[in-house]
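Below: one structure, written as structure tokens.
Predicted model only: the values in this text are computed from it and were never measured.
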Amino acid sequence: VCDMLFGCSFPYDIIHVAGTNGKGSVCVKLCHVFSHFYAAHNKTVGLLTSPHINTMRERIQINHTMISKYDFYTGVECISRMEKELNIVLVSAEMQTLLAFWYFNVKQVDMAVLECNVGGKYDSTNIIRKPLLSIITSISLDHTPSLGNTVDRITWHKCGIIKHDTPCLIGLNVQREFVQKYIADGGLDAPLYQLTESECTQWETYDDLNIEMVKRALNILEKHHRKRLHLVFDALATTASHAVVETLLKIKQMGRLQAQTINYLQVLTRVEKMPRYTKYTRAKESITGDTDVTLILDASHNPHGLEMFFKSISKQYPRETFVFHAIYGSKQRNNLQECLQVLDVNADFVHFCCAELLVSVSDLKELYQFKHAVLLSDSDNDKGDIHLCVMRALKLCVQHNNRTQIQKRAMVVCLGTMTL
């Protein structure tokens with residue numbers, strides 16, 4: 001399909017990023033840096049990332065502007081025609097990747113930062129021939145049904161994005177010896193770099209690690225491609241530009257450690273307009289006092305990611321002074337038990353929601369026995385409706401926070417599959 005659309009040509013520079021956690025944030029930060037300096041020369045940078053929060057169009061952007069509805073539907077229609085001509089069926093990730101490639105070619109971007117969907121070796125983004133840099137941010141167990149249930153097997157999949165004579169940067173917890181052997185066995189002759197502990201000695205949040213990863217990536221790109229990327233690195237030679245970069249690197253991807261204040265009554269006003277949630281209209285009568293609740297949105301959806309999330313918020317929101325209501329959304333069963341274990345240790349209450357009736361709350365109780373946190377539901381038949389989960393968590397936080405002489409303030413952390 002790619003060959004029929006544009007001759008499988010990629011006439012722009014590419015940075016290819018894989019990894020269990022952190023790859024999306026690294027992609028967004030790299031895109032911010034390059035698009036900032038390229039904009040002064042009327043050059044553009046494309047971004048392909050996932051997941052989205054509100055609309056699928058968020059996944060495909062040029063200079064931080066998501067693909068328009070017109071271009072989205074035009075591209076999908078074009079790819080669908082090719083799909084019918086070839087008598088094949090594309091899965092969602094393949095369609096998304098082809099749409100991004102089609103869009104970047106039509107708009108003639110100068111660079112694209114690509115995030116792998118799942119794994120690397122067999123990922124739909126891996127049809128590219130030679131990126132400027134391959135990055136593997138981190139490795140831990142996730143998507144085990146398709147990638148394997150060992151760290152070695154998952155690392156093998158991620159290593160699939162490494163190309164001959166192309167530098168590769170790996171994260172702190174990636175097994176260097178395994179990657180070196182993969183490169184040697186494949187005769188790839190790819191210079192290998194790794195983020196070191198000395199570069200990450202004083203991190204407070206996982207975003208600090210992502211920032212260090214991007215800084216190291218910029219150093220490698222300057223070493224190997226300074227002439228090609230001179231517009232960026234000539235600008236970075238000035239002290240003022242370094243300050244700009246520091247600011248750009250602090251920009252977070254949507255749905256990553258995203259803290260905000262939510263007013264329960266305002267949310268209630270919106271939800272009660274939905275016919276099947278009319279029972280919440282009566283709740284206003286029993287709610288008085290402060291109705292604002294702190295909520296942190298984060299897309300952590302595997303055991304390692306969840307552990308990193310709770311460690312990241314521990315300084316600003318210590319367990320000694322906060323009660324955590326964790327809303328966890330899931331679209332798959334793999335690693336679910338391990339994820340629930342992390343929530344059990346770090347949260348006080350867990351509200352579970354799932355996709356396509358994946359598992360009921362009663363099933364969940366059989367899957368994992370909570371020892372510390374309390375699993376909450378309206379009934380054992382509660383299938384984890386997202387609206388019910390959010391309203392229940394917010395209401396309980398408001399009721400808790402309006403009690404007299406409370407020692408801890410309640411807040412909500414919304415984790416897992418953000419598209420729910």
Side-chain angles (χ1 to χ4, degrees), residues 1-3 5-6 8-35 38 43-52 56-67 71-72 75 79 90-138 143 157-164 166-171 190 210 213-214 217-218 220-221 224-225 228-229 232 253-254 299:
V1 177
C2 190
D3 190 53
L5 284 171
F6 42 82
C8 226
S9 172
F10 301 95
Y12 44 84
D13 295 328
I14 293 175
I15 299 174
H16 201 191
V17 186
T20 305
N21 296 304
K23 58 184 183 294
S25 294
V26 167
C27 285
V28 168
K29 293 177 189 299
L30 282 168
C31 191
H32 272 288
V33 172
F34 279 97
S35 61
Y38 271 13
K43 292 181 176 291
T44 55
V45 180
L47 172 68
L48 171 63
T49 187
S50 63
H52 64 273
M56 180 74 77
R57 295 188 295 120
E58 294 170 16
R59 300 181 179 218
I60 302 171
Q61 302 179 21
I62 294 178
N63 283 11
H64 321 303
T65 300
M66 63 184 177
I67 183 173
D71 287 325
F72 184 92
I79 295 167
L90 297 170
V91 299
S92 177
E94 293 168 337
M95 177 66 81
Q96 170 191 312
T97 302
L98 285 167
L99 179 60
F101 289 156
W102 171 86
Y103 185 55
F104 296 159
N105 273 267
V106 168
K107 298 299 182 181
Q108 298 181 327
V109 300
D110 299 280
M111 172 181 279
V113 183
L114 308 177
E115 176 187 355
C116 288
N117 291 288
V118 176
K121 190 173 185 67
Y122 302 121
D123 187 74
S124 54
T125 61
N126 206 30
I127 62 173
I128 61 172
R129 293 185 176 88
K130 189 175 182 181
L132 298 181
L133 175 65
S134 302
I135 301 176
I136 303 173
T137 56
S138 66
H143 301 289
H157 276 278
K158 308 292 185 187
C159 285
I161 71 167
I162 302 173
K163 302 294 189 292
H164 177 72
T166 297
C168 175
L169 170 63
I170 59 177
N210 296 332
M213 199 76 178
V214 174
L218 291 172
I220 296 167
L221 288 167
H224 289 269
H225 304 289
R228 189 176 187 87
L229 303 175
V232 173
Q253 186 179 12
M254 188 185 298

Return yes if some donor-acceptor pair links the side-chain N/O of K121 with the main-chain N/O of G119 below 3.5 Å, else return no. no

So how far is it from N210 CG to S138 OG, rounded to the nearest 0.5 Å? 8.5 Å

S50 OG to M56 CE distance, which is reported to the nearest 0.5 Å: 9.5 Å

For a quick test of reading the model, state the closest non-hydrogen atom pair linking K158 to I136 and the distance between them. O-CD1, 3.7 Å

4.5 Å side-chain heavy-atom contact, F34 and L218: yes

Sidechain-backbone polar pair: N63 side chain, V45 backbone, donor-acceptor under 3.5 Å: yes

pair I67-Q61: side-chain heavy atoms closer than 4.5 Å: no

Using a 4.5 Å cut-off on heavy atoms from C-beta on, say whether the side chain of K23 contacts that of T49. no

Heavy atoms, side chains only, cut-off 4.5 Å: are I135 and H16 in contact? no

What distance separates H52 NE2 from M66 CE, expressed to the nearest 0.5 Å? 11.0 Å

Could you check if a side-chain atom of W102 sits within less than 4.5 angstrom of a side-chain atom of V106, using non-hydrogen atoms only? yes

So, E94 side chain and V91 main chain: donor-acceptor pair closer than 3.5 Å or not? yes

Roughly how far, to the nearest 0.5 Å, is the NZ atom of K130 from the CG atom of D13? 12.0 Å

State, yes or no, whether a side-chain contact exists between I79 and L90 at a heavy-atom distance under 4.5 Å. yes

Which salt bridge (Lys or Arg N to Asp or Glu O under 4.0 Å) pairs, counting each pair once, include a residue from residues 95-114, with sequence neighbours left out? K43-D110, D71-K107

Polar side chain donor-acceptor pair, D123 to T125, under 3.5 angstrom: yes

Between the CG atom in L114 and the OG1 atom in T97, the distance rounded to the nearest 0.5 Å is 8.5 Å

If only side-chain N and O atoms count, and only distance matters, is there a donor-acceptor pair under 3.5 Å linking S124 with N117? yes

Say you draw a straight line from CE of M213 to CG of L169; how long is it, rounded to the nearest 0.5 Å? 4.0 Å

